[in-house]
Each structure stands twice: as C-alpha cells, then as structure tokens.
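Below: the structure, in structure tokens.
Because the structure is predicted, anything quoted here is derived from the model rather than measured. Positions are given from 1 along the sequence.
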Amino acid sequence: MEHYKASDRNSEETYLKVCESIIQKNIDMYLQQSKTMGDEIKELYDNYRSNNPELHNDLVISIAMKEQVDEALKRNERALVKPYFGRVDYIDKEDEEGYTLYLGKNGVVKDGTEPLIIDWRAPVSGIYYENQVGEGSYLVPEQGCRQVRLDLKRTYEIADGKLLDYYDADVIANDELLTKYLGKNKEAVLGEIIATIQKEQNDIIRETPYRNTIVQGVAGSGKTTVAMHRISYILYNYGEKFKPQEFYIIGSNKMLLNYITGVLPDLDVRGINQMVMEDFFIWLLDRDFKEKSYKVIRKEPGEEELSDKKRSDHFQSFKSSLEWLDCLKGYLGKLETRTISREPVLFREREVYTTQAIEDFLENNKGYSIQNKINLLNKRVLVKVKNYLEMLDAEPEVIREESKRYKEYFGGRSWKTSLLDSYMEFVQELAQEREEYREGLNGLLLKLSKKELDVYDLASLSYMKQKIKSTEEIDDVRHIVIDEAQDFGTLVFGVMKEILVKATYTIMGDVSQNINYASGMNDWEVLKTEIFSPERDRFHVLAKSYRNTIEISKFAENILKHGSFKSYKIEPIIRHGAEPELLISSSPEEMAQSAVQRIQGWQKAGYETIAVICRDKEESRQVKRLLSENLKLEETEGENAAFATGIMVLPVALTKGLEFDTVLLWNPTEKQYPKSDANVKLLYVAATRALHELAVAVCEETMSLVLANVGDLW
C-alpha cells in the first residue's frame with residue numbers, strides 16, 4: 001500500500017515497468033519453488049510406506065504447499081499480461097493518511113508480504129467501485145463502512161504489458177468509458193468486465209452472503225457476470241465460513257451453465273458445483289432415484305405442453321406454484337395422522353404415554369420428518385416402559401424381554417413405502433378433491449405410472465423425502481446461485497427454502513424473459529413476500545442494459561409492446577450501431593444464400609461469435625442443413641454442445657442467458673410464434689442476444705406474418 005503521490009503519464013509508465021519487473025521476479029521465484037517442491041514430493045513418493053504416518057503427513061503437507069505456490073505462480077502469470085486496471089488516491093478519514101492503490105484482477109505482493117496490486121475483491125477496492133471523486137466510503141465485511149475522501153479514480157487500458165491509455169473519472173463519464181469497451185467484440189468485452197463494474201452491480205456483488213438476494217435485471221444488464229463475481233467475492237472475503245464445495249450454481253440447461261461458469265477459473269474460483277435444476281433435485285433424492293428406472297422429462301423452455309394448451313397452462317401453473325406445495329403439506333399431514341397413532345400407550349393396563357403427551361410431542365417437533373418422529377416416539381415409549389418396570393423392581397431379564405415389544409411401537413426404523421407410490425397417492429387424492437384440475441392430475445398419474453418425471457415432480461419428491469423419511473438435515477449446501485430464475489415456478493424455490501435450511505440464495509432473472517409462461521414466474525412478488533423475507537432479504541433492479549446498441553434495444557422494446565404484461569423499464573447505454581437489417585428472399589434456399597452472405601460479411605468485419613436463432617430444434621436442424629454447405633457450424637446438440645467462438649445455429653430457448661457479437665433471426669412468422677405473451681417473450685429474448693448487429697431473414701411470402709410480430713420497424 002503506497003502513500004499518496006501525484007503522477008503523470010511518464011510516472012505511470014515507469015510504475016507499470018516497476019510492477020512488471022516485480023511480477024516477473026515473483027514468477028521466477030515461484031517457478032523455482034514449485035520445481036524444488038516437486039522434486040521433494042517425488043522423493044517422498046519413492047520412499048512412501050503406508051505404515052509410516054509421519055511420512056504420510058509430510059507428503060500431504062508438501063502437496064498442499066506446492067498447490068499454494070502453483071496458485072501464486074498462476075496469479076502472477078496472469079497479472080503480467082495486465083497487472084492492473086484501476087487506481088485510487090484517497091485520504092482515509094480514520095487515520096488522516098493519504099494512499100495510492102493500484103487495483104487488479106489478481107492481487108500481487110512484493111517480497112512475500114507487501115501489497116503491490118490490490119485484488120479487486122478486497123474490501124478496500126470498494127473505494128473504486130462505490131465512489132466518485134469526493135467524500136465517500138467503502139464497506140468492510142462484518143465491520144461496517146469506512147469513510148474516505150477520494151481524490152483520484154483512474155482506469156487503465158493495458159495490453160501486452162504496454163500502457164495504451166488511462167481515463168480519470170472526473171474527466172470521462174462512466175458511460176463514455178463503457179461505450180469504448182463495449183464497442184469491441186465479445187471476447188474483448190469479457191476481458192474488461194472487472195474494470196467496468198458499475199456501482200449498482202457492485203452493490204449486489206458485495207451484498208452479505210448471510211442474506212438472500214433477488215436480482216431483476218433487464219436483458220444485457222450483466223446479471224450473470226454479477227453472479228459469478230459475487231461467488232468470487234464471497235469466497236475471498238468469507239472463506240472461513242463458505243467453502244467452494246458448498247456452492248451450487250443452477251441453470252436451465254448445460255450449455256448455459258458451461259457458458260456462465262467458464263469465467264470462474266479466471267476469477268480464482270474452483271470446485272463449485274454446477275447443475276441443471278432437474279439434476280439438483282436428483283442429487284437431493286440420492287438413493288431414492290435410480291436413473292435407469294425413471295425417464296426425466298427435460299422440457300425446453302417455450303415448448304407446448306399438450307394439444308389443449310389453455311387447459312394445460314392452467315394445470316401447469318397450479319403444479320409449479322406454492323399452492324401445489326400447500327396441497328402436498330396437507331397430504332403429508334394426513335399421512336402422518338394415518339401413520340402415527342395418537343392412542344394412549346398401555347403397559348399392563350397402565351397408561352404410560354398419554355394421547356395428550358403424544359400430540360404435544362408432535363406439535364413441538366413439526367420440523368422433523370415422519371420417520372424421525374417415529375424413531376423418537378419409539379425411544380420415549382421404551383424409556384417409559386423401562387422406568388415403569390424399574391419402579392416395580394423387575395429383574396433386568398424381565399425388563400429386557402418385556403420392553404422388546406415396544407422398540408418399534410410406533411413403526412419401523414426405516415420407511416418402507418416408495419416415495420413415488422406416496423406421490424401417486426397424493427395426486428390421486430388431489431384429483432378427488434380438485435375437480436378443476438382433475439384432467440391434468442389424471443394425465444400426471446398416467447405419466448407417473450410410466451415413471452416419467454419433470455422438474456416439478458422431482459421437486460415434490462425431494463420435499464417428500466425430507467419430510468417423510470430423512471433423519472438428518474442437509475447441511476452441506478450453503479449458497480445457491482440460480483441463473484435465469486424466472487424460467488422456474490415458485491414451487492422449486494419453496495421446496496429448496498424449506499429443505500435446505502442452512503442455505504442462502506442469489507437469484508438472478510428477468511421476468512420479461514420468462515418463456516415458460518404458464519409455469520415460470522411473471523413477477524417476483526411471491527418470491528419476495530411469501531418465500532423470502534422483504535424485511536431481511538434484498539431485492540435489486542438492474543435497469544441499464546450494456547449489451548445492445550440503441551438501435552437493437554429499440555427493436556426489442558417494440559416487440560415487448562405486443563405483449564399484455566408489465567415489463568421493467570430498460571435504460572440502454574448510449575452506444576449506436578447499425579439498424580436491424582431485413583433480409584428478404586423468395587425461397588428458403590435464397591434465404592440461406594442471403595444468410596451466408598450476411599454472416600461472411602460479419603466474419604470479415606472481425607465478429608467472432610455469431611448466432612442464427614430459430615424457433616425450435618426442428619427448425620434449427622433444417623437451417624443447419626441449408627447453411628452447412630457454405631459455412632463451418634459449431635456443434636449445438638448432444639452432450640458435446642457448448643458455447644463456442646464461431647457460428648452457432650440454435651433454437652431460441654437455448655440462447656437464454658447467452659450473448660453474441662451478431663445475431664441472425666430466422667423467419668419469425670406468426671405461424672412460428674403465434675400471438676401470445678409467451679411468444680412475445682421468446683422473440684424478445686432472440687432480439688436481445690446481439691451485442692452489435694442484428695439481421696432478420698424472411699421469406700417474401702411470409703413477410704406480412706413477420707411484420708405482424710416485430711411491428712412497424714421497416
């Protein structure tokens with residue numbers, strides 16, 4: 001930490017060279033240490049004997065120390081490319097000292113202890129993110145705010161060890177600086193994210209992990225980036241209480257998960273669990289779910305449910321809601337009543353455990369599973385019988401023999417009925433009670449009889465497992481990050497909140513992008529007021545969009561006007577680009593030729609990530625066949641599908657949460673997107689994926705059907 005000093009470009013260039021020299025010295029030192037430790041570990045392995053605990057301990061310690069050195073080596077190697085991105089000169093109001101700090105993606109120390117570059121996650125880095133020049137403060141976790149006077153806030157452009165330029169906050173506005181960065185291609189933009197985190201994003205990143213945080217963020221507002229940086233921040237500042245293996249990132253599909261978690265190693269985060277929502281509940285079910293015995297229905301967002309769409313939507317809305325969870329609780333209450341007798345326990349015609357005592361126990365232990373209650377009641381009645389016999393001075397042998405009959409008085413030590421059978425019983429009883437949903441419930445019973453389960457069935461079974469048969473709390477889940485949260489109904493959040501009692505949540509989404517219109521969330525109210533606490537937890541809105549140009553943003557907003565739902569206002573950053581382009585062709589073949597020409601033009605212009613967005617998987621396959629003769633396309637289906645630099649042909653559902661340099665929207669006719677709020681949201685998602693340029697390919701004969709969807713933009 002250096003004392004405050006004035007500077008000009010020459011001194012900035014000199015300081016950069018000094019930093020690079022120190023970092024290179026660190027790299028040489030860590031390389032030598034790593035080699036030496038590697039040789040020592042090899043020698044320990046060569047002499048290893050399993051019956052020598054001292055040697056075993058030496059080996060474990062040596063491996064751990066080498067891992068630390070290798071991590072420091074990687075940190076310095078990364079820092080050498082771009083040592084820092086920012087600087088703050090400030091007066092600390094508590095000690096009245098002046099300081100100059102350089103901030104980087106990777107913290108670097110000089111001579112093993114002296115801070116040279118401050119890690120962006122360190123509390124003091126909050127000065128850069130939270131303040132403009134003048135009076136300000138920064139948050140120190142679990143201590144509160146520290147007051148400062150910020151005199152200089154500077155952002156650097158450094159590439160390959162050279163200082164290209166720098167900008168001071170009181171000279172260039174935030175939005176101007178962002179516009180400069182956002183004008184680059186996608187890969188370049190990702191490299192500048194830490195330097196351009198905005199105050200409203202930083203507030204979310206540095207929110208305490210002991211609260212639940214819900215974030216409504218419009219398309220392109222940086223929700224996912226904020227979530228990944230938040231994980232890195234929590235593990236850096238709360239490492240003693242939160243471990244990587246206790247973190248879970250949950251998304252709607254594997255491509256999205258791979259895409260959003262790809263930045264984590266660069267943020268110094270490893271060992272995080274990542275799962276799609278279905279697999280998370282399968283993991284919770286553990287031995288109660290035998291993968292080969294069941295067929296998990298992994299619906300793509302936006303797919304039609306049944307031929308009778310309206311009736312299906314009505315049932316799906318019910319099945320994915322908290323009302324379904326309330327019905328499930330009602331069933332479990334009846335199951336407990338049927339399973340656990342309230343009749344007084346008699347021994348030698350004496351009442352040793354009264355009905356009132358049993359009911360008091362059940363009332364005072366509502367949080368326990370039915371099996372736990374059975375086990376505890378069995379223990380209690382056994383103690384009461386033994387106490388009674390001891391009072392009668394019975395012989396030990398008599399006590400043992402007579403009390404045996406009461407070991408499982410209230411039931412066995414493990415639950416015998418399968419969860420699926422109990423779930424089907426619940427659905428059958430519900431079908432008798434709720435006539436308005438009877439058709440949907442009977443359809444569900446048919447699917448369950450074939451062992452076909454969707455995410456809401458898996459959530460229900462997970463809840464039942466915890467409330468019927470589990471005898472321990474799940475305590476190895478501490479923080480859950482859910483991306484594109486609006487795609488899931490409130491049932492999944494209600495279940496998680498009730499069975500993962502030690503977990504906190506970071507929930508990111510945009511209700512304007514809910515393309516599971518019937519079963520997902522179209523507002524945040526239930527989550528905010530019924531599942532989480534409005535007094536204790538936090539709700540943030542990210543209204544500013546950094547992704548799209550003004551022209552693309554207007555196009556997308558025009559699509560939203562076709563919906564009947566309320567949407568959050570979008571504030572696009574002032575960055576202009578080309579108007580969305582309409583490519584009109586007379587046939588699908590000509591459309592393909594036109595698309596190829598447009599894509600090749602984008603490639604020549606230096607754009608690296610290009611998407612052709614179709615309505616569904618079938619149309620994507622057709623378009624791939626049309627384009628593959630002239631273009632190299634990336635793999636987008638099967639287990640190997642992953643976000644990649646190049647050209648991707650994707651159904652709109654799989655583009656959720658992704659962004660590309662340019663997008664070509666394929667023939668969005670009214671036939672493909674019939675008029676409905678759900679399809680308005682689908683089209684909005686497709687239109688907001690592009691950073692720089694958007695084109696719409698249409699066939700002449702369906703032109704009017706396209707314009708019916710996207711409005712009077714041409």
Side-chain angles (χ1 to χ4, degrees), residues 85-86 103 105 119-123 125-126 128-130 138-139 141 174-175 177-178 181-182 186 189-238 242 247-252 256-257 259-269 272 274 479-487 504-513 524 527 537-548 568 570-573 656-659 688 691:
F85 59 79
L103 315 175
K105 188 183 286 188
D119 193 294
W120 71 273
R121 297 165 294 184
S125 297
Y128 176 87
Y129 293 115
E130 295 170 27
Y138 68 96
L139 179 67
N174 254 348
D175 279 5
L177 188 56
L178 271 169
Y181 286 136
L182 294 171
K186 177 174 167 47
V189 170
L190 283 172
E192 308 294 350
I193 282 172
I194 287 179
T196 57
I197 289 169
Q198 302 299 286
K199 184 181 186 313
E200 66 272 19
Q201 296 172 325
N202 184 63
D203 289 344
I204 298 164
I205 290 169
R206 294 174 187 255
E207 200 56 277
T208 171
Y210 302 120
R211 289 197 193 103
N212 301 300
T213 302
I214 304 168
V215 179
Q216 157 61 39
V218 300
S221 58
K223 297 183 295 295
T224 300
T225 298
V226 167
M228 298 305 103
H229 285 71
R230 176 161 166 71
I231 293 170
S232 182
Y233 172 80
I234 292 171
L235 291 174
Y236 182 89
N237 287 283
Y238 300 86
F242 290 85
F247 272 69
Y248 288 77
I249 302 173
I250 299 176
S252 52
L256 174 62
L257 275 174
Y259 172 76
I260 66 178
T261 57
V263 300
L264 287 177
D266 202 35
L267 293 172
D268 208 18
V269 174
I272 296 287
Q274 51 182 0
H479 196 80
I480 301 174
V481 176
I482 304 175
D483 197 37
E484 300 295 332
Q486 76 283 341
D487 285 348
T504 53
Y505 298 80
T506 298
I507 294 172
M508 320 293 287
D510 177 13
V511 291
S512 292
Q513 296 184 66
W524 297 105
L527 210 61
D537 300 320
R538 295 289 182 266
F539 180 72
H540 295 263
V541 176
L542 295 176
K544 189 171 282 189
S545 175
Y546 304 100
R547 179 186 299 147
N548 311 129
Y568 284 83
I570 303 169
E571 300 170 14
I573 191 168
K656 288 290 296 298
L658 308 181
E659 64 182 21
T688 52
L691 276 162

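Checked against the 6.0 Å centroid criterion, the rings of Y210 and Y238 qualify as a close aromatic pair.
No side-chain donor from either of Q486 and D510 sits under 3.5 Å from a side-chain acceptor of the other. A donor-acceptor contact closer than 3.5 angstrom links the side chains of E207 and H540. Side chains of T506 and R230: a donor on one and an acceptor on the other come within 3.5 Å.
When all heavy atoms are compared, the tightest approach of I507 to A485 is CG2-CB, 3.3 Å. Nearest heavy atom pair, residue Y233 against residue P141, reads OH-CG, 3.3 Å. Across all their heavy atoms, W524 and V215 have their closest contact at CZ2-O, 4.1 Å.
You'll find the side chain of I204 reaches within 4.5 Å of the side chain of L542, heavy atoms only. Q513 places none of its side-chain heavy atoms less than 4.5 Å from the side chain of D487. Within the 4.5 Å cutoff, the side chain of T224 has no heavy atoms near those of the Y259 side chain. Inter-residue side-chain proximity for D537 and I214 is flagged as unmet; no heavy-atom pair is nearer than 4.5 Å. Inter-residue side-chain proximity for I272 and I231 is flagged as met; some heavy-atom pair is nearer than 4.5 Å. At least one side-chain heavy atom of I197 sits under 4.5 Å from a side-chain heavy atom of I205. Considering only heavy atoms from C-beta on, L264 comes within 4.5 Å of I249 through its side chain.
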**Request:** Apply the test side-chain contact (heavy atoms from CB on, under 4.5 Å) to residues I250 and I480: give CA-CA distance (whole Å), side-chain angles for both, the deciding distance (0.1 Å), then the verdict.
**Result:** CA-CA 7 Å; I250 299 176; I480 301 174; 3.7 Å; yes
**Request:** Might you work through the side-chain contact (heavy atoms from CB on, under 4.5 Å) test for D119 and K105, ending with a clear yes or no?
**Result:** CA-CA 6 Å; D119 193 294; K105 188 183 286 188; over 6 Å; no
**Request:** Any chance you could lay out the side-chain contact (heavy atoms from CB on, under 4.5 Å) test for T688 and V218, step after step, and finish with the verdict?
**Result:** CA-CA 10 Å; T688 52; V218 300; over 6 Å; no
**Message:** Evaluate S232 against W120 for side-chain contact (heavy atoms from CB on, under 4.5 Å), listing each step before the verdict.
**Reply:** CA-CA 10 Å; S232 182; W120 71 273; 3.8 Å; yes
**Asked** When you look at K656 and E484, which way does the salt bridge (charged side-chain N to carboxylate O under 4.0 Å, His left out) test go after all the steps?
**Response** CA-CA 8 Å; K656 288 290 296 298; E484 300 295 332; 3.4 Å; yes
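Atom CZ of R538 sits about 11.0 Å away from atom CG of D203, to the nearest 0.5 Å. Within the model, atoms CG of L139 and CG of N237 stand 9.5 Å from one another, a figure rounded to the nearest 0.5 Å. From L267, atom CG reaches atom OG1 of T261 across 11.0 Å, with rounding to the nearest 0.5 Å. Rounding to the nearest 0.5 angstrom, the gap separating the OG atom in S221 from the CD1 atom in I570 is 9.5 Å.
Using the six-membered ring where Trp is involved, Y129 and F85 have ring planes that are tilted, between 30° and 60° apart.
Comment: R547 engages E659 in a salt bridge, judged by a side-chain N to carboxylate O separation of less than 4.0 angstrom. In this structure, D268 pairs ionically with R121, as a charged nitrogen and a carboxylate oxygen lie closer than 4.0 Å.
Using modelled atom types, one side-chain atom of K223 and one backbone atom of G217 make a donor-acceptor pair closer than 3.5 Å.
Looking at Y505, Y248, F247 one by one, the single match for ring-ring contact (aromatic ring centres under 6.0 Å, His included) with H479 turns out to be F247.
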